[in-house]
Protein chains: 2
Amino acid sequence: MLSQAEENYLKEIYALGEETHELLSTNSIAKKMKTKASSATDMLQKLSNKGLVDYTKYKGARLSRKGETIAMTIVRKHRLWETFLVEKLGYNWDEVHDIAEQLEHIQSKTLTNRLDAFLEYPTRDPHGHPIPNINGKIVTSESIILADLNINEEGILIGVKDASDNFLKYLNKINITIGDNIKILDIEPFDNSFTISSDTKQITISGNVAKNLYIKNQ
Amino acid sequence: MLSQAEENYLKEIYALGEETHELLSTNSIAKKMKTKASSATDMLQKLSNKGLVDYTKYKGARLSRKGETIAMTIVRKHRLWETFLVEKLGYNWDEVHDIAEQLEHIQSKTLTNRLDAFLEYPTRDPHGHPIPNINGKIVTSESIILADLNINEEGILIGVKDASDNFLKYLNKINITIGDNIKILDIEPFDNSFTISSDTKQITISGNVAKNLYIKNQ
DNA sequence: CCCATTTTTTAGATAAGCCTAAAAATATTT
DNA sequence: AAATATTTTTAGGCTTATCTAAAAAATGGG
């Protein structure tokens with residue numbers, strides 16, 4: 001059985017390498033874990049000995065197949081618990097991360113799947129992130145980022161890339177939430193800002209914000 | 001914030017002292033924690049320094065008021081989660097202890113009370129144990145043990161004193177569960193066994209079993 | 001009431017996960 | 001390509017919670 005620290009490393013290494021699957025530097029992992037490089041080295045060596053990461057001294061690390069499988073189960077648990085907290089206990093999407101961070105480490109062979117069934121097999125968590133299924137596979141309709149749309153194109157907001165507290169609070173403030181129908185009204189070339197409509201209201205968002213929003217074509 | 005080990009000690013000291021509130025020996029605490037007396041001594045000293053137990057060298061320990069308050073919140077969380085697992089996720093009452101053992105340590109100022117509300121403020125967990133309310137107080141109608149009833153008296157099974165795996169499995173086997181209406185048909189003075197009826201069926205249980213069953217008078 | 005037994009505490013060790021400081025390896029600049 | 005800067009690893013320490021072994025205190029039988 002893995003410690004919580006080990007599980008957290010696997011999860012964050014997964015998050016960092018998800019897109020590229022390139023070797024990750026010790027420093028980048030340390031930064032993500034909010035710890036020192038020396039601590040990250042210690043842990044990478046331990047995880048390497050357990051066959052959960054492929055690690056070469058001074059070169060970097062990536063998850064092994066076995067490590068990735070475990071990382072996916074943790075991501076699955078995290079996202080299912082977030083869904084539970086929002087859907088069943090009435091939390092807002094910007095309040096659930098820290099609690100799910102703890103709940104994702106509960107060990108039980110049956111709990112995760114019973115929770116999944118209780119929630120009626122959700123495919124995305126409250127932030128729109130896909131929930132790996134029982135086999136650790138992600139199966140969801142693909143999404144595009146809002147920043148890739150052109151003027152007059154529209155779609156439904158299905159997720160956010162960065163689910164940080166600050167970003168979610170910003171979306172709350174401008175009254176944008178998952179499920180909104182969003183249409184691009186104008187793109188300002190000068191600063192790459194987007195003017196969009198969501199339902200009746202009309203707002204302007206920065207290019208960075210537009211890159212953080214996932215849209216599903218209708 | 002307390003470590004899980006500290007919380008577990010408080011909870012088990014509470015469980016041991018609940019009835020008598022006498023001084024507890026280091027050995028009895030060590031046994032309950034499945035650890036060595038020297039480890040228990042270490043922890044009692046630490047908890048004493050934090051003002052959570054009253055502890056005198058070589059004499060024994062009991063919870064302080066502050067320690068008892070914390071113990072009650074952990075008991076509350078444990079019993080609410082057990083209720084969740086049985087009521088919402090469909091577990092049997094003999095399957096939930098180990099999971100609740102982990103869930104009781106989740107830290108959140110709001111989670112416990114939201115869970116309580118979601119479960120519609122249960123007063124007893126699946127084993128019939130009372131659930132402390134938001135103020136840490138236990139408010140339930142009193143119960144008596146089955147062994148104290150006389151022939152021809154009857155009542156409803158509302159709880160078990162010992163919720164050990166073996167005992168719960170035994171009750172499952174003889175098909176007795178919470179809510180059953182139980183009537184004493186006969187008490188055998190020779191071995192103090194009880195012949196009881198529950199609904200239509202009629203069974204004989206030992207005196208020890210009868211001491212483990214809580215009954216509410218109708 | 002004293003001596004043997006039991007209980008409890010202390011002392012010192014271990015493992016996990018973190019730290020700082022120093023050394024080693026790699027990368028960058030000129 | 002050498003010197004400098006950065007990154008990474010190693011070495012040694014700290015804390016928590018555990019352990020074993022030994023010392024100290026309490027208990028109880030004769």
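Note that the structure is predicted; figures quoted are calculated from it, not measured. Just so it is clear: chains get the letters A, B, ... in the order the sequence lines come, proteins before strands, and each one is counted from 1.
Look at B:Tyr58 and you won't find any side-chain N or O under 4.0 angstrom from OP1 or OP2 of D:dA23. Neither OP1 nor OP2 of C:dT8 sits under 4.0 Å from any side-chain N or O of B:Lys59. Dashed line: the shortest gap from a side-chain N or O of B:Lys36 to OP1 or OP2 of D:dT20 is under 4.0 Å. The phosphate of C:dT8 has neither OP1 nor OP2 within less than 4.0 Å of any side-chain N or O from B:Gln45. Note on B:Asn27: every side-chain N or O is 4.0 Å or more away from OP1 and OP2 of C:dT6. Between A:Thr41 and D:dT9 there is a side-chain N or O to OP1 or OP2 distance below 4.0 Å. Residue B:Thr35 places at least one side-chain N or O closer than 4.0 Å to OP1 or OP2 of D:dC19. For the pair A:Lys57 and C:dT26, the criterion of a side-chain N or O lying under 4.0 Å from OP1 or OP2 is not met. In terms of phosphate contacts, A:Gln4 brings no side-chain nitrogen or oxygen within less than 4.0 Å of OP1 or OP2 of C:dA16.
A donor-acceptor pair under 3.5 Å is absent between the side-chain atoms of A:Asn135 and the main chain of A:Lys137, judged by distance alone.
Taking the ring axis of A:Phe118 as reference, the NZ or CZ atom of A:Lys88 stays within 45° of it and closer than 6.0 Å to the ring centre.
Contact of A:Ser38 with D:dT8 (side chain to base): no donor-acceptor pair of N or O atoms is detected under 3.5 Å. No hydrogens or angles were tested; on distance alone, nothing pairs the side chain of A:Ser25 with the base of D:dT7 as donor and acceptor under 3.5 Å.
Of the candidate nucleotides C:dT8, D:dT18, D:dT9, D:dT18 has the atom nearest to the side chain of B:Ala5.
Residue A:Glu104 forms a side-chain contact (heavy atoms from CB on, under 4.5 Å) with just one option from A:Asn8, A:Ile99, A:Val75, A:Leu80, and that option is A:Asn8.
As judged by a 4.0 angstrom heavy-atom cut-off over every strand, B:Thr26 is placed among residues touching the sugar-phosphate backbone only.
Note on ring orientation: taking the six-membered ring where Trp is involved, the planes of A:Trp81 and A:Phe84 are perpendicular (angle over 60°, cut-offs 30° and 60°).
Here C:dA16 presents its C1' atom at 15 Å from CD of A:Glu7, a figure rounded to the nearest Å.
Note that OG1 of B:Thr83 and CD of B:Glu120 are 12.0 Å apart. Values are rounded to the nearest 0.5 Å.
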